Amino acid sequence: MDIVRSFEDYIKQYQQSIDNPETFWADVAGDFHWRKKWDKVLEWDFHKPEVQWFVGGKLNITENCLDRHLPERANQTAIIWEPNDPSEEPRNITYQELFHEVCRVANMLKAQGVQKGDKVCIYMPMIPEVAFAMLACARIGAVHSVVFAGFSSRSLIDRINDAGCKLVLTTDGSYRGDKIINLKAIVDEALESCPSVERVLIKKRTGSKVVMKANRDVWWDEAIKNMPDVCAAEEMDAEDLLFILYTSGSTGKPKGMVHTIGGYMVYTNFTFRTVFQYQEGQVYWCTADVGWITGHSYIVYGPLSAGATTLMFEGVPSWPDMGRFWHVAEKHRVNIFYTAPTAIRSLEKAPLSFVKQYDLHNLKVLGTVGEPINEEAWHWYHEHIGKGKCPIVDTWWQTETGGFMISPIAHITKLKPAFASFPLPGVQPVIMDEKRQEVTTSPGEGRLTIGFPWPGMARTIYGDHQRFRETYFSTFPGKYFTGDGCRRDAEGYYRITGRVDDVIIVSGHNLGTAEIESAVDEHSAVCETAVVGYPHDVKGQGIYAYVICYDRPHEEEKLRHEIRELVAKIIGPIAKPDKIQFVSGLPKTRSGKIMRRILRKVAEGNTTDLGDVTTLLDPSVVEEIKAGAL
Ligand code: 7RM
């Protein structure tokens, strides 16, 4: 099916997708290689919930990411790899080479006893082998569970045990700027508590010293020697598991989101091509880590199934200096650049000379994901990186949705800063109010739900379908609840306002933290805010705001007063923060999510037991926050 090329196309396609979803998705899916076509496009019941796409279809996703491209693009670069250290040689891996690398890893996995349906944990840094490993699992019908290599051994234990992984793929160590992390040592510690793991394959990367455990640990480079570079693809059912990916939940136990092969393939491919308007030969770069859904869908499966050239970056934005992203963009002539608001905000604070020394004229499209982008950052990105000529696609989606849900389409959707804009074809957003009634007006606001299935959605939480139902399908029966709040303006543009599960009850009034945050952010001195509740003798809960300013405030008391008055004006006096702490950073995960758990503890006066902070982008901000607690 043709990708939309104009706004009229979009309106037409969207209407078709609503009027006749099955015909629409069958058309999209028809462009792939199926060993056997599906018997039925969709089976669903959101009350159970049960969702199946392309029922009875048989395929292998790697035949769609690799084999199918070889006649036309064997010698085209599939993956450009940029190492952590800019003085190390980058790698260009063609589709032909990628095919052989994946087959070799697939044969290695088989030789190590991995069979169809087995769960394989991938705990690796951003090196090409991580993509080979994911695709190799898919090739032989094993289920991958990629765990972000910044996670601690505690997090690794929970994830390995929940999925019952049989094998772990890792490296000796990983680079992060000028630091080396001994990944293998973290794995060793974890595996003391992981009885299901029979084997560990270790790819050499940093040359760090490792202790090899007999009968369990094997060097990847030895195990792969002599492996044939061709491996038949396992025939899979469309609804077989492709991967499990863990996402944090409101309880401590992470949720293993389950994605299945057929629908996920169709959806990531379709959304990648539609939103970025990817053109033949372009270089596309998504800066996420493969440990997150963004890396799965938009570094690996979406781009590779589309025959694109995808750049994979091992390093960090701030090393050797704050110009690294722009250096890489120039060096590899990047055309499409996709990153997170949190990265933009940190780079925005560096002197502009870090941007200006690089030639960014190849950039055609910019994107963001992970959290609402504030207008300030949007304009900086648009003006200084896109030079005013690149559209910014503000893509709203979730681990659970598998792919983009609400997003502008590059060059086609008229942009509004900080708005994710319109639903993509096939996506049916429904706003619900506090009384669980549908909000049909525009403007209107409330909780964001999705009223109809789309192919990329997660099918369950691994091993806990009950929790899947309770978390996503019980608040608004018959609808998928995203957990996000949103506003729709008079023109029908959607603006995602943030998570609604963070609610503070002040003197009996329900207040959304996101709402207070955006009110504080309206002060011209404020760059970013995080609000949490803390126990308050009189009000039940008090409001504690952590505020980052563009420049260190000179007169803190005066600024506090102005912020309180501003919030009173925007929301009402009830929402005035009781405490305002000025900070230079917030505890964020690498994907830009604020770890409110930590902020809540500090606000409660508990600074000793903060739990696991290893997933933070910069754990040192926690020290500053603790030291300045009010
Ligand atoms: C892709 C990803 C999902 C949550 C989601 C939102 C927030 C993501 C945007 C956004 C506003 C955006 N998956 N979020 N993208 N909020 N605008 N463009 O991030 O599972 O890790 O997080 O992230 O709250 O529910 S995720």
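Each ligand, and each atom within it, is numbered from 1 in the order the structure gives. Quick caveat, the model's predicted, so the values are computed rather than measured. The figures here come from the full heavy-atom set of this structure, side chains too, leaving out hydrogens, waters and symmetry mates.
Among K593, K255, Q398, the residue whose heavy atom sits closest to atom 19 (O) of ligand 1 is K593. Closest heavy-atom approach to atom 3 (C) of ligand 1 among the candidates Y494, W396, W397: W397.
Side-chain contact between L586 and V621 is absent, with no heavy atoms from C-beta onward closer than 4.5 Å. In this structure, the side chains of T482 and E400 stay at 4.5 Å or more apart for every pair of heavy atoms. Side-chain contact between S346 and L617 is absent, with no heavy atoms from C-beta onward closer than 4.5 Å. Between L424 and M405 there is no side-chain heavy-atom pair separated by less than 4.5 Å.
Those atoms of ligand 1 that come under 4.0 Å of a heavy atom in I293, given as number and element, are 1 (C), 13 (N). The I496 neighbourhood of ligand 1 comprises atoms 11 (C), 16 (N), with distances under 4.0 Å to a heavy atom of that residue. Those atoms of ligand 1 with a heavy atom of D394 less than 4.0 angstrom away are 12 (C), 17 (N), 18 (N). The distance from ligand 1 to the heavy atoms of T399 drops below 4.0 Å at these ligand atoms: 13 (N), 20 (O), 21 (O), 26 (S). Applying the 4.0 Å criterion to heavy atoms of T294 picks out, from ligand 1, the atoms 1 (C).
Side chains of T529 and D521: a donor on one and an acceptor on the other come within 3.5 Å. The closest side-chain donor-acceptor pair between S297 and Y264 falls under 3.5 angstrom. Y298 and T271 share a side-chain donor-acceptor pair at under 3.5 Å.
Of the possible polar contacts, one joining the E239 side chain to the W53 backbone as a donor-acceptor pair under 3.5 Å is found.
Of the protein's non-hydrogen atoms, D484 OD2, 2.6 Å is the one closest to atom 25 (O) of ligand 1. Counting only heavy atoms of the protein, atom 11 (C) of ligand 1 lies nearest to P372 N, 3.1 Å. In terms of protein heavy-atom proximity, atom 17 (N) of ligand 1 is closest to E371 O, 3.5 Å.
Where the criterion is an N or O separation shorter than 3.5 Å, residue side chain and backbone included, T395 meets it with respect to ligand 1.
Using a 4.0 Å heavy-atom cutoff, G370 is listed among the residues neighbouring ligand 1.
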